[in-house]
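To start, the structure itself, in structure tokens.
Indexing begins at 1, ligand by ligand and atom by atom, following the structure's order.
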Amino acid sequence: MMKKVAIYLFFLIFSGHLFAQEPNSEVKEIKKVFIDNLLSKMTLQEKAGQLRLISVGGDLTLDKVLDKIEAGEIGGIFNTVVEPDLSQMQERALKSRNKIPLFFGFDIIHGHRTIFPINLGIASTWDRSAIAKAAEVSADEATSDGLNITWAPMVDITRDPRWGRVSEGFGEDPYLTSEAGRIFVEKMQKQSLADKKSLVTSVKHFALYGAVEAGREYNSTDMSERKMFQEYLVPYKAAIDAGSRAVMVSLVSVNGIPATGNHWLLTEVLRNQWHFDGVVVSDHGAIRELINHGVASDPKDAVRVAIKAGIDISMNDEYFLQFLPELVEEGAITEDEINQACRHVLELKYDMGLFSDPNRNLDPKLDIDTMFADNRLHREEARDVARRSIVLLKNENEILPLAKNKKIAVIGPLADSKRDILGSWSGAGRANLAVTPLEGIKNAVKNPESISYAFGANLSDDKNLYRFLNLYGETTKFDNRPADKMIAEAMKIAKKADIVIAFVGEAEGMAHESSSRTELSLQATQKQLIKAMKKTGKPLVIVLMNGRPLTLSEEYAQADAMLETWFLGTEGGNAIADVLFGDYNPSGKLPMSFPYNVGQIPVYYSHLNTGRPRGTENMGKYTTSYFDSPNEPLFPFGFGLSYTNFAMDFSLSSTKMNRDGEIIVTVNVENTGNREGMQTVQLYLQDVTASVSRPVKELIGFDNITLKPHTKGQVKFVIKYDMLKFWNNKMQYVAEPGKFNVYIGSDSTTQDKQTFTLLD
Ligand code: BGC
């Protein structure tokens with residue numbers, strides 16, 4: 001009997017498996033004993049080592065890193081996807097005094113080897129199953145490739161398209177972003193961290209990175225606590241509630257205090273209020289940046305500020321190891337503080353099952369190149385998510401979809417670019433395997449000879465921009481031919497064709513970390529190209545490839561049809577062809593408003609009303625307005641057309657609701673057109689009168705329905721009491737009795753409204 005118990009305990013201790021699933025008190029105790037025991041044997045130096053995340057590169061050659069690992073100076077590795085190297089590193093970790101295994105991290109933002117659309121594109125699907133597919137395939141490939149932790153999902157709310165990283169997030173809305181973040185966490189981490197296919201998530205960037213002033217990278221943020229808790233913090237909380245075991249801290253300051261040194265944010269909110277018990281990781285080099293921020297006097301002081309605020313692991317920083325032991329000896333921090341951080345790391349490793357199987361993701365037999373090249377299923381899934389991400393912005397005279405027997409001129413600097421279509425943060429993707437739009441179009445038609453192509457124009461004639469984009473190796477092609485020659489060539493081809501498709505937008509490097517812009521229009525070279533195409537008199541389809549909302553009034557007027565395709569990933573070209581030829585009826589909806597001009601920014605649908613809402617009389621004078629621009633965006637949040645049309649009406653189950661009651665919203669949807677299509681039904685709410693001003697509308701639900709031509713269907717939503725809660729005038733999270741407007745529509749401008757009253 002004793003033997004059986006011992007075997008059972010051994011299994012529990014070393015499997016880690018049961019802990020992540022259903023940790024009962026006995027199981028928790030066993031884990032605690034294991035970690036207490038380990039901690040009691042570790043030196044201060046070794047504990048500091050566990051708090052370091054290091055990448056191989058620069059002065060830190062693999063050999064140096066291996067020695068440091070064996071000396072117990074490194075807890076985790078990031079940014080390496082060479083599996084034999086990872087295996088070697090793990091081997092050396094197991095030779096260290098305490099034999100604590102490493103974990104291996106990488107930025108798996110929108111796919112790993114098979115690249116999916118950028119996250120703004122994934123959000124455009126408004127389709128939970130598509131979001132799930134992207135997350136699942138990413139985790140599957142990453143964990144087969146030696147990795148077990150990632151720095152994703154990025155759920156920063158973004159309302160300023162000048163910021164390049166809007167491409168990495170899920171847009172402007174807390175609910176849509178929370179849903180996407182939750183799904184990423186659930187599908188990447190899975191039920192149990194000990195599952196070999198589980199990829200630990202680090203929700204980022206906590207917090208408010210997306211709210212940087214003027215959209216300028218790494219800038220400050222300043223925001224009322226109400227707005228934070230009501231909107232910007234919501235998605236991080238959703239990801240943590242879904243179980244994200246790590247959090248990455250943002251590089252910016254939050255109300256005057258850098259997030260990396262912000263005790264209120266990292267300890268009072270994250271740990272005490274939200275009960276987060278995972279690992280808090282600083283962003284790249286963020287500890288030393290505390291000196292530049294002006295809250296630490298020198299490197300040692302920066303380490304003190306960070307650890308005191310609640311950072312557990314430092315990313316790519318030399319100072320934790322150098323100064324943590326010294327700070328304890330001097331009494332500036334306590335050993336308990338280091339133990340606490342170290343415990344978080346060891347618990348995570350324990351729950352991942354690394355102590356029982358350090359090589360859980362390392363399979364030297366697996367040849368990743370073969371896996372990637374042969375992975376038809378993943379590519380099919382990527383193609384499906386990609387076509388669902390495409391947003392049809394205009395389709396005059398139903399010019400789309402195109403017949404497959406037309407002569408098509410494919411024009412533009414992005415039409416045949418394999419690197420750009422992958423988008424940023426696709427480091428482990430293979431550009432040579434990506435399908436460009438030109439290739440996708442040729443794949444789709446019966447006679448590829450009917451497709452002609454011209455580069456047409458450089459993305460820009462600004463040489464500085466190219467220097468910026470190609471700083472670390474040439475990714476964006478610059479054609480040295482004179483501009484008029486290239487345009488003339490494109491015109492010649494266009495004139496011979498039945499239709500022109502122009503691929504314009506941004507290079508992938510323009511929508512990345514450190515790529516803020518002040519102008520959001522297409523560059524002059526691209527504008528000239530479009531003007532020339534227009535001049536040919538041929539029908540013009542503009543296909544946009546970009547990582548942020550652009551200002552597109554001019555192109556909108558010129559185009560007969562317009563598609564927003566973001567950066568769609570490995571299968572992008574095929575997905576674009578699917579939509580152009582109607583093999584897929586576009587269903588994407590914008591997750592961010594597209595402004596008319598930069599001066600309107602921030603422009604987002606869920607703004608507050610003012611005392612003087614925009615009026616239409618007397619040119620809007622003395623009401624909230626600009627005299628030179630509309631208030632509204634060119635394309636609103638939630639907007640996207642289809643090749644068919646949908647009619648909708650809806651009813652509420654009651655006009656009154658009790659605290660313990662609910663309202664059922666029944667939406668009748670009819671496909672009134674001649675093609676099968678999918679509609680995303682969007683549910684918005686407005687709390688009409690409350691103790692604080694509430695937004696004119698907030699998204700609280702969405703669902704998809706696919707209907708055959710001339711058929712009807714129903715979508716139902718349930719509005720519950722908790723969904724009416726907000727942070728009131730005393731910063732309590734409550735629902736206040738009174739009138740609520742419910743809106744149903746196909747985008748955020750819907751005026752289709754019903755009303756109910758929440759009773760006291
Ligand atoms: C970015 C993070 C990323 C990290 C590691 C930083 O520069 O801000 O989002 O996870 O690098 O690559």
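- Within the structure, side-chain hydrogen bond (donor to acceptor under 3.5 Å, both in side chains) pairs that include any residue of residues 116-126 comprise Ser124-Trp566 (at least two apart or interchain).
- Aromatic rings of His112 and Phe106 (six-membered ring for Trp) have centroids within the 6.0 Å cut-off, being under it.
- Residues Ser250 and Tyr209 approach most closely at CB-CB, 3.9 Å, considering heavy atoms.
- Residues that satisfy the side chain to side chain contact (heavy atoms under 4.5 Å, CB included) test with Pro174, not counting sequence neighbours, are Ile157, Arg159, Glu231, Val234.
- Listed by chain and number, the residues in a side chain to side chain contact (heavy atoms under 4.5 Å, CB included) with Lys64 are Leu60, Thr61 (sequence neighbours excluded).
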Inventory of protein N or O atoms under 3.5 Å from ligand 1 N or O:
from: ligand 1; atom 1: 7 (O); to: Glu513; atom 2: OE1; distance (Å): 2.8
from: ligand 1; atom 1: 7 (O); to: Glu513; atom 2: OE2; distance (Å): 3.0
from: ligand 1; atom 1: 8 (O); to: Arg165; atom 2: NH1; distance (Å): 2.8
from: ligand 1; atom 1: 8 (O); to: Asp283; atom 2: OD1; distance (Å): 3.4
from: ligand 1; atom 1: 8 (O); to: Asp283; atom 2: OD2; distance (Å): 2.5
from: ligand 1; atom 1: 9 (O); to: Arg165; atom 2: NH2; distance (Å): 2.8
from: ligand 1; atom 1: 9 (O); to: Lys204; atom 2: NZ; distance (Å): 2.8
from: ligand 1; atom 1: 9 (O); to: His205; atom 2: NE2; distance (Å): 2.7
from: ligand 1; atom 1: 10 (O); to: Asp107; atom 2: OD1; distance (Å): 2.6
from: ligand 1; atom 1: 10 (O); to: Lys204; atom 2: NZ; distance (Å): 3.0
from: ligand 1; atom 1: 12 (O); to: Asp107; atom 2: OD2; distance (Å): 2.5

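- Between Asp156 and Lys204 there is no salt bridge, since no side-chain N of the basic residue sits under 4.0 Å from a carboxylate O of the acidic one.
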